[in-house]
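Everything on this sheet refers to the single structure shown next.
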Amino acid sequence: MIDNEQIRSQLAAELNEARRNLAAPSEFLAPLVQYFDAQKNADIAAKLALDLLEAFDYWRNPEQWSEPLAPIKAACIEWYYDGSDPPEALGYVYASVKNAMDEDPDFGVRLIDGSCGFELPEACFPLYEFYEARRDDENFPEEEYEAIYQLYERRVFYCLHIALANVTGSESFKELPVDRPFYFYANEHCDSPHLLFILDAETALSEAYELGRSEAIYIDELSDWVSSLTS
């Protein structure tokens, strides 16, 4: 059975591979890679940890439940982007999950439906700002942009894992009726859920990972470039 250490190693490997695939970005998209490299995973994780704590508080509201305070076996953060409005990552909570570690897990009754996740453009800043500003350029490199999108997405997966390891000991999480083993996933709407974290009998609450500063995801020395996108 896979554990969180293996999940973390796999997520890190996927993130590193995505970065290697952009070893020589085009001049058009190089600033996005530069911005990515300037940001710290610990700062992204800190931002996501705050968002998760807010989501847990929201999920504790009985009015949000289809079956009041039924045991939770799984949760998933999901987003959809059609190229128009920047996406919001929404939270879904489930009473059961079959084939939890397979590529396509089978979720049971949805207890909480699409509520209170986080703003994906903030976690992926400035990926969507760039796309909104430059997608109509005649020479926009769609294929290369997709590789950069995968890079930012893989970092969200990795940093969500680190954030979850830090917030599962919070009072907000402890007050949720979680039934171990509990599984946490994330995915874009058209993709299969990506297993990010398992809370089972062997998992300690709030593993010690150093978090950064959520506000530090915005890099001062690159702010002029971001401002120029819409000028």
Side-chain angles (χ1 to χ4, degrees), residues 10-48 50-51 76-92 103-104 114 116-163 185-194 196 212-231:
Q10 179 62 33
L11 293 173
E14 292 172 0
L15 176 58
N16 291 335
E17 181 181 6
R19 181 62 185 88
R20 286 194 299 271
N21 290 339
L22 287 160
S26 66
E27 182 178 352
F28 190 89
L29 294 179
L32 273 180
V33 179
Q34 181 185 4
Y35 211 107
F36 176 93
D37 289 341
Q39 293 171 314
K40 296 179 180 179
N41 290 343
D43 296 331
I44 304 292
K47 172 67 173 68
L48 292 171
L50 293 175
D51 291 334
C76 184
I77 297 289
E78 183 176 307
W79 57 90
Y80 174 72
Y81 185 53
D82 61 2
S84 55
D85 296 328
E88 181 180 3
L90 299 175
Y92 298 83
E103 186 173 320
D104 192 17
C116 198
F118 58 88
E119 295 294 333
L120 192 65
E122 293 183 7
C124 291
F125 185 82
L127 181 68
Y128 291 100
E129 288 77 3
F130 181 90
Y131 185 76
E132 292 293 317
R134 298 297 172 85
R135 63 182 175 179
D136 293 330
D137 286 16
E138 182 178 351
N139 297 317
F140 189 89
E142 290 284 354
E143 185 173 335
E144 186 185 13
Y145 178 82
E146 179 61 26
I148 291 182
Y149 181 89
Q150 291 292 325
L151 176 64
Y152 276 80
E153 181 184 71
R154 288 300 182 267
R155 182 169 64 184
V156 167
F157 288 165
Y158 177 80
C159 291
L160 270 173
H161 173 91
I162 298 302
Y185 304 83
N187 64 283
E188 187 172 12
H189 178 71
C190 296
D191 296 333
S192 297
H194 215 86
L196 301 185
R213 298 180 301 110
S214 60
E215 67 274 14
I217 62 177
Y218 305 104
I219 309 301
D220 290 342
E221 57 267 30
L222 294 172
S223 60
D224 289 344
W225 171 72
V226 177
S227 297
S228 73
L229 294 178
T230 56
S231 62

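Residue numbers run from 1 in the order of the sequence given.
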- line: Checking Tyr80, Tyr92, Tyr81, Trp79 against His189 for ring-ring contact (aromatic ring centres under 6.0 Å, His included), the one that qualifies is Tyr80
message: List the residues meeting salt bridge (Lys or Arg N to Asp or Glu O under 4.0 Å) with Glu122, not counting sequence neighbours, and say none if there are none.
response: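 Only Lys47 meet the salt bridge (Lys or Arg N to Asp or Glu O under 4.0 Å) criterion with Glu122.
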Give, for atom [atom1] of [X] and atom [atom2] of [Y], the distance between the pair rounded to the nearest 0.5 Å.
X	Y	atom1	atom2	result
Glu119	Cys124	CD	SG	11.5 Å
His161	Leu11	NE2	CG	6.5 Å
Glu188	Leu120	CD	CG	8.5 Å
Asp37	Arg19	CG	CZ	4.0 Å
Arg20	Leu22	CZ	CG	11.5 Å

Quick check: closest heavy atoms across [X] and [Y], and the distance to 0.1 Å?
X	Y	result
Asp104	Pro193	OD1-CD, 4.4 Å
Ile77	Gly117	CD1-CA, 4.2 Å
Tyr128	Pro121	CD1-CA, 3.8 Å
Asp43	Ala216	OD2-CB, 3.3 Å
Ala123	Leu48	CB-CD2, 4.0 Å
Leu15	Leu151	CD1-O, 3.8 Å

task: Start with the C-alpha gap between Leu127 and Glu153, add the side-chain angles, then the distance that decides, and say whether side chain to side chain contact (heavy atoms under 4.5 Å, CB included) holds.
output: CA-CA 10 Å; Leu127 181 68; Glu153 181 184 71; over 6 Å; no
query: With a 4.5 Å heavy-atom cut-off, do Trp225 and Leu32 have their side chains touching?
result: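 A side-chain contact under 4.5 Å exists here.
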query: Mind checking whether Leu222 and Pro31 have side chains closer than 4.5 Å, heavy atoms only?
result: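 They are not in contact (no side-chain heavy atoms under 4.5 Å apart), so the answer is no.
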- request: Examine distances only and state if a side-chain atom of Arg155 and a backbone atom of Ile44 form a donor-acceptor pair shorter than 3.5 Å.
  value: no
task: Please check if any side-chain donor atom of His194 sits under 3.5 Å from a side-chain acceptor atom of Glu14, or the reverse.
output: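 Note: His194 and Glu14 side chains meet the donor-acceptor criterion.
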- request: Compute whether any side-chain donor of one residue and acceptor of the other, for Tyr35 and Tyr218, lie under 3.5 angstrom apart.
  value: no
query: What's the verdict on side chain to side chain contact (heavy atoms under 4.5 Å, CB included) for Glu78 and Leu90, showing C-alpha distance, side-chain angles and the deciding distance?
result: CA-CA 5 Å; Glu78 183 176 307; Leu90 299 175; 5.9 Å; no
- prompt: With sequence neighbours left out, what residues match Glu143 under side chain to side chain donor-acceptor pair (under 3.5 Å)?
  reply: none
- prompt: Taking only residues two or more places apart in sequence, or in another chain, which ones meet Phe28 in a side-chain contact (heavy atoms from CB on, under 4.5 Å)?
  reply: Ser26, Phe130, Arg134, Asp137, Phe140, Pro141
field: Within 6.0 Å of CD in Glu103, more than 12 heavy atoms from elsewhere
entry: no
- prompt: With a cut-off of under 6.0 Å to the ring centre and 45° to the axis, is Arg154 in cation-pi contact with Phe157?
  reply: no
- prompt: Step by step, would you call Ile148 with Phe36 a side chain to side chain contact (heavy atoms under 4.5 Å, CB included)?
  reply: CA-CA 9 Å; Ile148 291 182; Phe36 176 93; over 6 Å; no
